[in-house]
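Being a predicted model, the structure only gives us computed values, none of them experimental. All chains are named by letter (A, B, ...) in the order of the sequence lines, taking the proteins before the strands, and each is independently numbered beginning at 1. Side chains are part of it too, since the values below use all heavy atoms of this structure and drop only hydrogens, waters and symmetry mates.
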2 protein chains.
Amino acid sequence: MNDKDELLKLENQLCFAFYACSREITKLYRPILSELDLTYTQYITMLALWEKDGVTVKDLGARLLLDSGTLTPLLKKLEAMQLITRDRDKADERNLVIRVTEHGAQLKEKAMCVPAQLSQQMNIPIEEVNSIRDQIQDLLSKLEPTV
Amino acid sequence: MNDKDELLKLENQLCFAFYACSREITKLYRPILSELDLTYTQYITMLALWEKDGVTVKDLGARLLLDSGTLTPLLKKLEAMQLITRDRDKADERNLVIRVTEHGAQLKEKAMCVPAQLSQQMNIPIEEVNSIRDQIQDLLSKLEPTV
DNA sequence: TTTTTTTAAATTGTATGCAATTTATTATCA
DNA sequence: TGATAATAAATTGCATACAATTTAAAAAAA
């Protein structure tokens with residue numbers, strides 16, 4: 001195994017570590033979120049909207065780093081679940097304004113226990129989790145200047 | 001904004017940091033890998049096979065943390081591209097043995113420059129990259145005991 | 001040996017992601 | 001003002017991910 005081979009080894013790739021770890025974390029959420037009848041992507045979309053709603057698809061996409069190709073069907077699903085509303089902006093009909101419904105706001109109360117459940121499952125000291133999260137956010141900001 | 005709200009803020013979620021960063025890194029690969037006519041998942045699959053081939057779908061899946069539902073169509077694609085072969089194990093017909101073809105081995109030479117190209121695009125000190133990669137691998141090993 | 005269980009891939013169905021294009025609307029320019 | 005450009009969503013097409021089921025083959029048990 002020479003240097004050239006080391007270069008392409010899976011375990012040496014930053015990308016694979018991220019890719020694998022991200023999916024493993026998402027898997028931990030699945031059983032917990034199924035109690036809220038949400039997928040992982042629906043969950044982080046609701047997180048963004050609980051923080052700030054009355055936003056456009058574009059705003060939301062900038063926040064989640066997702067485009068309309070992903071968001072449009074996802075938001076239609078959340079609308080069908082009566083968690084959000086999708087209305088055209090009267091002042092500019094190009095914009096679609098997304099708002100959390102009363103039912104959607106109630107779900108937030110149920111979601112409050114999700115982070116604790118996750119944390120318990122991961123069984124990793126909170127300081128360690130926060131440290132790595134901060135480092136990843138720092139890396140992300142270098143990759144995505146607008147974040 | 002009280003403590004309860006902090007709990008569900010997007011920026012406080014480890015999962016979102018991973019999810020967003022993983023996708024941003026994958027995006028960096030896209031233009032580079034398009035020169036090899038590979039998608040990102042096809043690329044990491046080839047990385048695993050260049051390291052060790054003659055393995056079953058199950059072996060490969062354990063390595064990449066992917067199941068046959070994802071791998072079967074992906075491997076059929078790579079076979080159609082003549083980068084790999086898919087043959088039943090004569091000793092146990094349940095097993096499908098994956099091997100890299102001559103053409104697939106040639107592609108490895110072209111792939112050699114991918115990590116350097118990526119590194120240049122990311123423009124982040126190698127020590128920093130290695131440090132965060134090691135921390136993520138450590139986290140992954142705690143989440144996925146068999147890795 | 002026949003039946004049952006286990007195992008490995010493949011298949012099916014649902015939900016993303018994302019590039020590229022299209023549609024509808026608004027802004028800008030000649 | 002009328003034509004052109006720009007913008008926001010939606011749509012289309014392709015490639016994952018993954019749970020759940022099915023199929024085929026091998027191993028284990030009756």
Side-chain angles (χ1 to χ4, degrees), chain A residues 15-16 18-31 33-34 37-46 55-81 84 86-98 144, chain B residues 15-16 18-31 33-34 37-46 55-81 84 86-98 144:
Chain A
C15 64
F16 182 68
F18 266 106
Y19 169 75
C21 203
S22 179
R23 283 184 297 119
E24 287 307 305
I25 292 176
T26 303
K27 275 179 204 168
L28 293 181
Y29 275 90
R30 234 178 293 273
L33 294 181
S34 75
D37 281 315
L38 290 179
T39 64
Y40 177 73
T41 312
Q42 289 165 4
Y43 173 68
I44 60 139
T45 301
M46 291 306 298
V55 297
T56 65
V57 173
K58 187 179 169 63
D59 292 335
L60 196 55
R63 194 83 191 290
L64 300 172
L65 306 184
L66 292 170
D67 72 2
S68 67
T70 302
L71 285 176
T72 295
L74 189 145
L75 293 170
K76 283 180 177 175
K77 191 79 190 296
L78 293 176
E79 182 186 38
M81 295 163 76
I84 64 166
R86 298 165 66 251
D87 299 292
R88 288 288 164 181
D89 182 351
K90 293 296 178 197
D92 185 342
E93 294 272 349
R94 288 174 302 185
N95 293 325
L96 192 72
V97 181
I98 312 298
E144 232 302 313
Chain B
C15 65
F16 181 69
F18 265 106
Y19 169 75
C21 203
S22 179
R23 284 185 296 118
E24 287 306 304
I25 291 176
T26 302
K27 275 179 205 168
L28 293 181
Y29 276 90
R30 233 179 294 275
L33 293 181
S34 74
D37 281 314
L38 290 178
T39 63
Y40 177 72
T41 313
Q42 289 165 4
Y43 172 68
I44 60 139
T45 301
M46 290 306 297
V55 298
T56 64
V57 173
K58 188 180 169 61
D59 291 336
L60 195 56
R63 195 82 190 291
L64 300 172
L65 307 184
L66 291 171
D67 71 3
S68 67
T70 301
L71 285 175
T72 294
L74 189 144
L75 293 170
K76 283 180 176 174
K77 191 78 190 295
L78 293 176
E79 182 186 39
M81 295 163 75
I84 65 165
R86 297 164 68 250
D87 300 291
R88 288 288 164 183
D89 182 351
K90 293 295 178 197
D92 185 342
E93 295 271 348
R94 288 173 303 184
N95 293 327
L96 193 71
V97 181
I98 312 298
E144 232 303 312

*Checking A:T39 side chain against A:Q42 main chain: does a donor-acceptor pair fall under 3.5 Å?*
yes
Residues at least two apart in sequence or cross-chain that pass side chain to side chain donor-acceptor pair (under 3.5 Å) with A:R94, listed by chain then number, are A:D92
Those residues at least two apart in sequence (or on a different chain) that pass side chain to side chain donor-acceptor pair (under 3.5 Å) with B:E79 are B:R86
Could you give the [atom1]-to-[atom2] distance, from [X] to [N], as a whole number of Å?
X     : N      : atom1 : atom2 : result
A:D89 : D:dT7  : CG    : C1'   : 13 Å
B:L75 : D:dA15 : CG    : C1'   : 14 Å
B:L71 : D:dA17 : CG    : C1'   : 10 Å
A:R88 : C:dT26 : CZ    : P     : 10 Å
B:D87 : C:dA9  : CG    : P     : 13 Å
A:R86 : D:dA8  : CZ    : C1'   : 13 Å
A:Y29 : D:dA17 : OH    : C1'   : 18 Å
B:I98 : C:dA10 : CD1   : C1'   : 13 Å

Scoring nucleotides 12-25 of chain C by protein non-hydrogen atoms under 4.0 Å (B base, S sugar-phosphate only, - none) yields ---SSBBB-----B
Quiz item: Using the ring of each side chain (for Trp, its six-membered ring), is A:Y19 parallel, tilted or perpendicular to B:Y40, with breaks at 30° and 60°?
Solution: perpendicular
In the structure I gave you, are the side-chain heavy atoms of B:K58 and B:L96 within less than 4.5 Å of one another anywhere? no
Would you say that B:L38 contacts B:T45 through its side chain, given a criterion of any heavy-atom pair below 4.5 Å between the two side chains? no
_Short side-chain N/O contact from A:K90 to OP1 or OP2 of C:dT26, under 4.0 Å_ = no
